[in-house]
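Notes for the one structure printed next.
The shown structure was predicted, so the numbers you read here are calculated from the model rather than taken from an experiment. Lettering follows sequence order; numbering is per chain, from 1.
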Amino acid sequence: MCVRYTVHKPEAALEALEGVLNAALRGKTLLEPRYNIAPSQLAPIVAKESGEPSLGSMRFGLLPPGDRGAERKRALPNARAETIAGLPAFRAAAAGRRCLVPACGFYEFRDLGTRKQPWLFTLDDDEPMALAGLWEPPDGADPPTFCIVTTTANRVVGEVHDRMPVILTGESAALWFGDSPLNSAELAQLTLPAADGLLRARRVDPYVNNSRHEGPRCVAPPPPEDPELF
DNA sequence: CCAGACGTTGTT
DNA sequence: GTCTGG
DNA sequence: CCAGACGTTGTT
DNA sequence: GTCTGG
């Protein structure tokens with residue numbers, strides 16, 4: 001899964017994407033650092049607008065085409081890479097509305113029974129990353145929505161959870177961001193789990209568990225009063 | 001044909 | 001337990 | 001994902 | 001929107 005993440009160095013994240021795409025982002029603005037993005041919140045997303053890479057604000061939790069105009073809308077924060085090409089909820093977006101989700105890290109929670117222990121996963125060099133996303137256009141007064149594509153966990157993330165976001169680096173970000181539909185081989189190649197050596201895991205303060213909490217404390221180490229090992 | 005469900009995550 | 005809000 | 005709320009009826 | 005069940 002991947003339903004909580006950070007973009008606490010947004011300028012670096014956007015610059016990295018501009019480098020990978022070899023293009024300036026239209027609509028680029030100064031962004032506030034975010035430490036605890038959760039479903040239903042607005043987040044910065046890079047998508048094509050009139051064919052050009054553009055920075056926009058979208059709501060986390062994709063509204064499937066079938067729920068357009070519905071009374072009861074079900075937002076989907078994740079989509080399994082293995083099934084996006086065939087499922088009605090994701091098929092159109094997978095073919096023509098793939099996007100990049102600027103991120104500095106993502107959280108996973110270990111279920112300890114009595115509490116949820118949060119972990120932060122970043123690139124090993126702490127550089128920003130791009131997560132694979134899908135998006136849907138605005139629905140009436142509602143803003144555009146996006147979801148994060150997931151794949152099987154690698155060994156690093158697997159210690160905490162069995163799913164992780166698709167992390168796009170360099171060339172794979174540009175390919176994911178291409179205009180034309182991907183065939184199944186290309187899709188499979190692009191959505192492989194990140195290499196183990198690429199990721200670094202850190203325990204963080206359970207302060208982050210509450211999605212209303214924001215700020216640097218979300219990525220800080222757990223306080224010393226919190227003694228358990230795992 | 002229409003009506004209704006559909007997709008994610010988690011379940012030691 | 002299940003659903004909603006963030 | 002986690003945190004937190006959650007429901008009916010009748011009554012004033 | 002698209003698929004399934006009736």
Using atom [atom1] in both nucleotides, what's the gap between [N] and [M] to the nearest angstrom?
N	M	atom1	answer
B:dT11	D:dC2	P	8 Å
B:dG7	C:dG5	P	22 Å
B:dT8	E:dT4	P	15 Å

_By nearest atom, which of the nucleotides E:dG1, B:dG10, B:dT8 is closest to the A:P65 side chain?_
E:dG1

*Which nucleotide, B:dT8, D:dC2, B:dG7, lies nearest any side-chain atom of A:F109?*
D:dC2

Could you give the side-chain donor-acceptor pairs of residues 84-95 of chain A under 3.5 Å, partners two or more places apart or in another chain?
none

Polar-atom pairs under 3.5 Å, protein N or O versus N or O of nucleotides 2-6 of chain C: list them with distances, or write none.
unit_1: C:dG6; atom_1: N9; unit_2: A:P39; atom_2: O; d: 3.4
unit_1: C:dG6; atom_1: N9; unit_2: A:S40; atom_2: OG; d: 3.4
unit_1: C:dG6; atom_1: N7; unit_2: A:P39; atom_2: O; d: 2.9
unit_1: C:dG6; atom_1: N7; unit_2: A:S40; atom_2: OG; d: 2.9
unit_1: C:dG6; atom_1: N2; unit_2: A:R4; atom_2: NE; d: 3.4
unit_1: C:dG6; atom_1: N2; unit_2: A:R4; atom_2: NH2; d: 3.3
unit_1: C:dG6; atom_1: N3; unit_2: A:S211; atom_2: OG; d: 2.8

_Residues within residues 85-95 of chain A bordering DNA chain B, heavy-atom distance below 4.0 Å_ = A:L87, A:A89, A:F90

*Please list, chain by chain and in numerical order, all residues satisfying ring pair (Phe, Tyr, Trp, His ring centres under 6.0 Å) with A:Y207, sequence neighbours excluded.*
A:H213

Kindly write out the residues that satisfy salt bridge (charged side-chain N to carboxylate O under 4.0 Å, His left out) with [X], not counting sequence neighbours, or none if the list is empty.
X	value
A:E52	A:R26
A:D205	A:R217
A:E127	none
A:D139	A:R68, A:K73

*If you look only at pairs with a residue in residues 167-176 of chain A, which of them pass as a salt bridge (charged side-chain N to carboxylate O under 4.0 Å, His left out), with sequence neighbours excluded?*
none

*Ion pair check, A:E108 and A:R163, cut-off under 4.0 Å*: no

*Ion pair A:K48/A:D179, N-O distance below 4.0 Å*: yes

*So what is the 5' to 3' dot-bracket string for DNA chain D, if pairs are Watson-Crick or G-U wobble with both distances under 3.5 Å, crossing pairs use [ ] and | means the partner sits on another strand?*
||||||......

*Could you tell me which residues satisfy side chain to side chain contact (heavy atoms under 4.5 Å, CB included) with A:P193, sequence neighbours excluded, listed by chain and number?*
A:T151, A:T152, A:N154, A:M164

_Close approaches to DNA chain E from residues 134-143 of chain A, in residue order (heavy atom, under 4.0 Å)_ = none

*asked:* Just to be sure I understand the rule, does A:D111 reach a base, reach only the sugar-phosphate, or reach nothing, if contact means heavy atoms closer than 4.0 Å?
replied: sugar-phosphate

